[in-house]
Amino acid sequence: MGPQWTWFSRAQCQSGEPPGPDREREKRWAELFDQLDLNKDGHIDIVELRAGLASRGFSRKSLEKMVEAGDTNQDGVLDFEEFTQYLRAHEKQLKLMFHKLDKNNDGEIDVAEIRDCLRSMGVNISMNDATRILLSMDKDGTMTIDWNEWRDYFLFNPLTNMEEVARYWKRSMMLDIGEQLTVPDDFSEEEKKSGYVWRQLMAGAMAGSVSRTGTAPLDRIKVFRQVHGSSDFTGSVLTSFQVMWKEGGPWSLWRGNGINVLKIAPETAIKFTAYEQVRKLSSQSRSYIQVHERFVAGSLAGATAQTAIYPMEVLKTRLTLRKTGQYTGIADCAKQMLQKEGVRAFYKGYLPNLLSIVPYAGIDLAVYETLKFAWLNRNIGLADPGVMVLVGCGAVSSTCGQLASYPLALIRTRMQAQASLKGAPKLSMLALIRNIVSQEGVTGLYRGISPNLLKVIPAVSVSYVVYEYTRMMLGVDIEGRRGGKGKS
């Protein structure tokens, strides 16, 4: 532990006679305040907090919340009275949390109590996971956490209940990189009742809408390359932009984006509802869900949502590929398809689309869990993984899932577009795969992958920024609480 945390033992040895609990606590706080007040002006600001608590890995947002909570005169800094008042109130909250975990009332928290508490809130956690959490707080090597260890670990973390502690490593970032096959997040009963879930989903839908609109030109290039293979749209991404611009002007870069945005809301709502139903069936006797059950529930939920909105997927492909003047809008496109090809046209490519859900969801979940535990193993003792770690893990895992399922996505897109290509043979899924491999090689199954990868970073960045602003507008902070009155 860094030198800034030696105040616990030093403060307890300052006087000859043992002080009472309150006096001992006041001495601890006084010495801590003196250490954090780097410029000795009698106040602590956010810069001094970040410098003094750097070794604990707290995010700037967490420390800002602490200052905001304790800053009663709203001058942006904490004087000694405000500092001690905040710590006194926060210790009471921590004491309640400690007693909630200490089920057998022996004054210590063990691995089983951590696991059982988190599982009771719907957060799946193994004994190994619980042991990692315990080791990050257990400073005396007893494999238990006493009150002092618990208090010292969370003293500067603005968490007020166990649900917020559990939410640290929940996948609550609604990142959208153009595909909605990600396994949904798990939410506790408290979150569902409070309306937090739908505010979270609404923020995610808004972020996805802006993100997809921003990267729509790259998505259109991807679709063209998937459908036309090596025959057209050769050369760089810039060349492809020029071809589209020349054919239909600047607005042609966004063809198909309208329906791509429209399908976000119904797909998200159906997938989440289906996931919750499957989740309940798979863990009827338990309040938690295991990783393999989450994968199965997520895959089935994805299949349900895709089945319900699949006609919109086909329409999106047709509208993306359309020539200038071919359709007047979404309704005209649907009308022409129905008249010329019948109802079955709206489910072309459905099988490869359904099959792509399993590799996407499985690899996405596996990579995310691997990255999560790799970070935890390297950073034992840090309370908050930070926003960038969460965003990075989500982006990498989703990208890996896309890469694994990309050949099936390409086959799906070609089947969806078959009727719009004059003279193109109407091939089955297996016949298309054989045809592509024989004519273009295995690399033909990855046509359009470059613009697809190019859009990941801007899509994730835009999605996160919009998500954050929407979340703040809805009054929900990153831990999921309703925002109260204050400077934020």
Side-chain angles (χ1 to χ4, degrees), residues 1-14 18-29 31-32 53 55-58 62 66 84 86-170 188 190 286-288 372-373 375-385 479:
M1 213 183 283
Q4 65 266 34
W5 296 100
T6 56
W7 52 271
F8 283 113
S9 55
R10 290 210 309 267
Q12 292 168 4
C13 303
Q14 278 190 335
D22 290 339
R23 186 179 174 188
E24 179 182 332
R25 183 171 59 176
E26 294 290 339
K27 283 189 175 182
R28 277 204 319 269
W29 292 347
E31 186 167 346
L32 176 58
L53 304 176
S55 66
R56 295 300 294 260
F58 293 119
S62 295
M66 174 192 158
T84 55
Y86 169 79
L87 293 184
R88 191 176 293 110
H90 193 50
E91 273 201 13
K92 288 181 181 178
Q93 292 280 1
L94 292 176
K95 197 80 170 178
L96 292 173
M97 294 162 66
F98 183 82
H99 288 309
K100 183 176 180 179
L101 266 175
D102 184 18
K103 297 294 184 184
N104 58 7
N105 297 317
D106 64 351
E108 294 179 331
I109 298 168
D110 58 29
V111 174
E113 287 172 327
I114 291 175
R115 184 195 61 179
D116 293 344
C117 179
L118 294 179
R119 282 186 168 182
S120 70
M121 291 179 287
V123 180
N124 176 47
I125 185 171
S126 66
M127 280 300 250
N128 287 336
D129 300 336
T131 301
R132 286 191 183 95
I133 294 173
L134 184 140
L135 288 173
S136 69
M137 291 181 266
D138 178 26
K139 301 307 178 186
D140 56 10
T142 59
M143 289 303 291
T144 58
I145 304 165
D146 60 25
W147 159 242
N148 289 334
E149 289 170 329
W150 176 267
R151 175 202 61 204
D152 296 352
Y153 189 81
F154 286 113
L155 190 62
F156 288 97
N157 204 311
L159 302 177
T160 57
N161 56 57
M162 283 307 300
E163 284 77 7
E164 291 175 21
V165 176
R167 227 176 258 135
Y168 261 134
W169 265 108
K170 287 183 63 180
S188 67
E190 180 186 336
R286 292 176 274 113
S287 59
Y288 61 92
K372 176 180 77 173
F373 288 126
W375 190 93
L376 286 171
N377 287 330
R378 289 173 60 88
N379 298 276
I380 291 177
L382 295 188
D384 189 346
E479 280 82 26

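It should be emphasised that the depicted structure is a prediction, and the values quoted were computed from it without experimental measurement.
Considering all non-hydrogen atoms of both residues, Leu94 and Arg151 come closest at CD1-O, 4.1 Å. Here the closest non-hydrogen pair linking Leu87 and Trp29 is CD1-CD1, 3.5 Å.
For Glu108, the salt bridge (charged side-chain N to carboxylate O under 4.0 Å, His left out) test picks out no residue, with sequence neighbours left out. Not counting sequence neighbours, the partners of Thr144 by the side-chain hydrogen bond (donor to acceptor under 3.5 Å, both in side chains) test are Thr142. Partners of Lys103 under the side-chain contact (heavy atoms from CB on, under 4.5 Å) rule, at least two apart in sequence or in another chain, are Glu113.
The only option from Leu134, Leu101, Asp138, Asp146 that meets the side chain to side chain contact (heavy atoms under 4.5 Å, CB included) definition with Ile109 turns out to be Leu101.
Taken from CG in Leu32 to OG1 in Thr84, the straight-line distance is 11.0 Å, to the nearest 0.5 Å.
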Worked verdict on Glu91 versus Trp147 for side-chain contact (heavy atoms from CB on, under 4.5 Å): CA-CA 10 Å; Glu91 273 201 13; Trp147 159 242; 4.3 Å; yes
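The backbone N or O of Asp106 lies less than 3.5 Å from a partner atom in the side chain of Asp102, making a donor-acceptor pair.
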